[in-house]
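Written out below as structure tokens is the structure these notes cover.
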Amino acid sequence: MAAKTNSARDQGRDACDLCRIELDHVGVKAGADILVEDASFHIHCGQLTALVGPNGAGKTTLVKAILGQRAHTGVIRHVDADGHNFPAPRIGYVPQQLPFDREMPLTVCDLVASSLGRRPVWTGVGKAMRDRVHTALHETQAASLIDKRLGALSGGELQRVLLAMALTPVPDLLVLDEPVSGVDQNGLALFLQTVSALRETHHMAILMVSHDWDLVRRYADFVVLVQQKVLKMGTPQEVFSSPEFANVFRDEIGSTLERDAEAGAKFVP
């Protein structure tokens with residue numbers, strides 16, 4: 001397919017060219033074990049799509065299939081606004097955590113510079129590269145952290161740094177894999193406010209894997225409930241109030257109801 005000449009980026013608009021990602025009867029096996037079966041749904045640009053489900057439900061497997069890291073049956077298509085195949089979407093990825101030695105004398109500037117250039121950071125970070133790092137961090141409200149040692153970052157600060165790295169260059173699809181596990185409430189709010197602003201600014205597709213129902217309810221546009229198969233999809237309210245959700249999370253909902261009753265609160269699905 002010939003490259004589009006009237007793309008959003010060609011016209012100078014700060015938006016991606018991708019329109020949606022289509023999963024059509026996608027399945028993944030590990031030997032004789034079925035990890036994902038017959039999964040079909042769309043991930044649209046300008047929306048935050050959340051994958052929810054119990055542990056072992058196939059969420060991470062689906063993400064790896066979308067990232068091209070896992071062989072699968074069925075079809076995963078990247079489609080532009082004209083309905084044509086979009087050959088090479090840019091994908092940014094923010095992991096649940098980044099294992100590293102917290103005693104390393106490595107700064108945020110060093111880490112981000114290492115992802116932006118080919119020059120070893122131990123030779124020094126020049127002014128031009130430092131300016132690029134500052135610009136990347138500014139987008140995720142992390143510019144003030146540029147000289148902070150990695151080991152001194154809070155969980156929320158580190159996730160905003162990783163988000164800055166995932167957004168450079170601006171991706172067509174941003175994947176957030178349990179990105180706020182272990183992050184305090186202040187860090188959580190700032191991280192998700194930043195993600196919401198980015199969705200509006202860049203009109204990118206965002207796929208988030210999360211066990212945090214309140215987070216999904218507040219920020220997701222579309223929810224896909226997975227347990228090997230896609231059991232239910234729709235708005236957060238449609239999914240959380242469905243019999244399928246109640247059946248999958250019966251034990252967790254029961255425990256939450258008991259805690260809320262003791263505290264005099266009310267559980268909202």
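Keep in mind the model is a prediction, meaning the values are calculated, not measured.
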Count the heavy atoms of every other residue, nucleotide or ligand shown that sit under 6.0 Å from NZ of K148, and state whether that count exceeds 12.
->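 Enclosed.
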Relative to each other, are the rings of W213 and F249 parallel, tilted or perpendicular (30° and 60° limits)?
->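 Aromatic pair W213/F249 classed perpendicular.
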Parallel, tilted or perpendicular: which fits the ring planes of H138 and H134, with parallel below 30° and perpendicular above 60°?
->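 Rings of H138 and H134: parallel, as their planes differ by under 30°.
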Exam field: side chain [X] to backbone [Y], donor-acceptor pair closer than 3.5 Å:
X: R149; Y: L106; answer: no
X: R70; Y: L62; answer: no
X: R20; Y: H78; answer: no

Is it true that R130 and D147 have a side-chain N and a carboxylate O under 4.0 angstrom from each other?
->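 Yes.
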Run the side-chain donor-acceptor check on residues 23-40: report pairs under 3.5 Å with partners two or more places apart or on a different chain.
from: H25; atom 1: ND1; to: D38; atom 2: OD1; distance (Å): 2.4
from: S40; atom 1: OG; to: H25; atom 2: N; distance (Å): 2.7

How far apart are the closest heavy atoms of [X] and [Y], and which atoms are they?
X: Q237; Y: S241; answer: O-OG, 2.5 Å
X: F222; Y: M233; answer: CZ-CB, 3.7 Å
X: E139; Y: T194; answer: O-CG2, 3.9 Å

Residues in side chain to side chain contact (heavy atoms under 4.5 Å, CB included) with K232, at least two apart?
->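 So K232 forms a side chain to side chain contact (heavy atoms under 4.5 Å, CB included) with L225, V239, S242, E244.
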Could you tell me which residues satisfy side chain to side chain contact (heavy atoms under 4.5 Å, CB included) with T73, sequence neighbours excluded, listed by chain and number?
->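 Partners of T73 by the side chain to side chain contact (heavy atoms under 4.5 Å, CB included) criterion come out as none, since no residue qualifies.
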Do D221 and H44 have side-chain N/O donor and acceptor atoms under 3.5 Å apart?
->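 Side chains of D221 and H44: no pair found under 3.5 Å.
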